[in-house]
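In this text, all values refer to a predicted model and were calculated from it rather than measured experimentally.
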Amino acid sequence: MGERRRIFITGGAGVGKTTLAGKLATEIGAPLYELDTVMWKFDGSGEAELPEVRNRSVKEIAKRPTWVVEGSYVSPANEIWDQADLIVFIDVNLRTALWRIFWRHTRAEFARNNRHPG
């Protein structure tokens, strides 16, 4: 089997997608893309990104020769899914996922850098 240059990591909230994606991107020397930053505006509005902006970003990522992408989006990211050499689905039990989500938000609130307040 050939070298994996385009890796998509998916699964539910709190399963470790971002952690694994960061480690893999560092290991293979690939850029890391978090789909939350493509799909949502991070200007405090909590609004979804405009479809044309989102679609342009997805196309730009998908055409790159190497990447690690993480996220739970299917339809909006179809082009990335289609171009992936490897798709990794992470699943953990609900208790673990909820604990991770709770601590992620608690740490971010104390650090005053919570991208998903509330």
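- No side-chain donor-acceptor contact under 3.5 Å links Lys17 to the backbone of Glu70.
- Taking CG from Asn55 and CD from Glu60, the interatomic distance works out to 11.0 Å, rounded to the nearest 0.5 Å.
- Pairing each heavy atom of Val58 with each of Pro76, the nearest pair is CG2-O, 3.6 Å.
- Considering OG1 of Thr19 and CG of Leu24, their distance stands at 11.0 Å, rounded to 0.5 Å.
- Here the side chain of Ser57 pairs a donor or acceptor atom with the backbone of Val53 at under 3.5 angstrom.
- To the nearest 0.5 Å, the span separating CD1 on Ile101 from OG1 on Thr106 amounts to 11.5 Å.
- Two residues are said to be in side-chain contact when any heavy atoms from C-beta on lie closer than 4.5 Å; Tyr33 and Val68 fail this criterion.
- There is a path of hydrophobic side-chain contacts, each under 4.5 Å, that joins Ile87 to Ile61.
- Distance check, rounded to the nearest 0.5 Å: CD of Glu49 to CZ of Arg56 gives 8.5 Å.
- The shortest non-hydrogen separation linking Arg100 to Gly14 is CD-O, 2.9 Å.
- Within the model, atoms CD1 of Ile9 and CG of Leu35 stand 11.0 Å from one another, a figure rounded to the nearest 0.5 Å.
- With contacts defined as side-chain heavy-atom distances shorter than 4.5 Å, the pair Trp81/Thr10 qualifies.
- Taking every heavy atom of both residues into account, Lys63 and Arg6 meet most closely at O-NH2, 3.5 Å.
- Phe89 and Trp67 sit in two unconnected hydrophobic clusters of ILVMFWY residues. Membership requires side-chain heavy atoms under 4.5 Å apart, directly or through other members.
- Hydrophobic clustering keeps Trp99 apart from Ile90 (ILVMFWY residues linked when any side-chain heavy atoms are closer than 4.5 Å, directly or through intermediates).
- Annotation for Glu27: atom CD does not count as buried by contact number, only 12 or fewer foreign heavy atoms lying within 6.0 Å.
- Val15 is not connected to Leu98 by any chain of hydrophobic side-chain contacts under 4.5 Å among Ile, Leu, Val, Met, Phe, Trp and Tyr, and they are in different clusters.
- Taking hydrophobic clusters as Ile, Leu, Val, Met, Phe, Trp and Tyr residues chained together by side-chain heavy-atom distances below 4.5 Å, Val74 shares a cluster with Val38.
- If you take CG on Asn93 and CZ on Arg95, they are separated by 8.0 Å, rounding to the nearest 0.5 Å.
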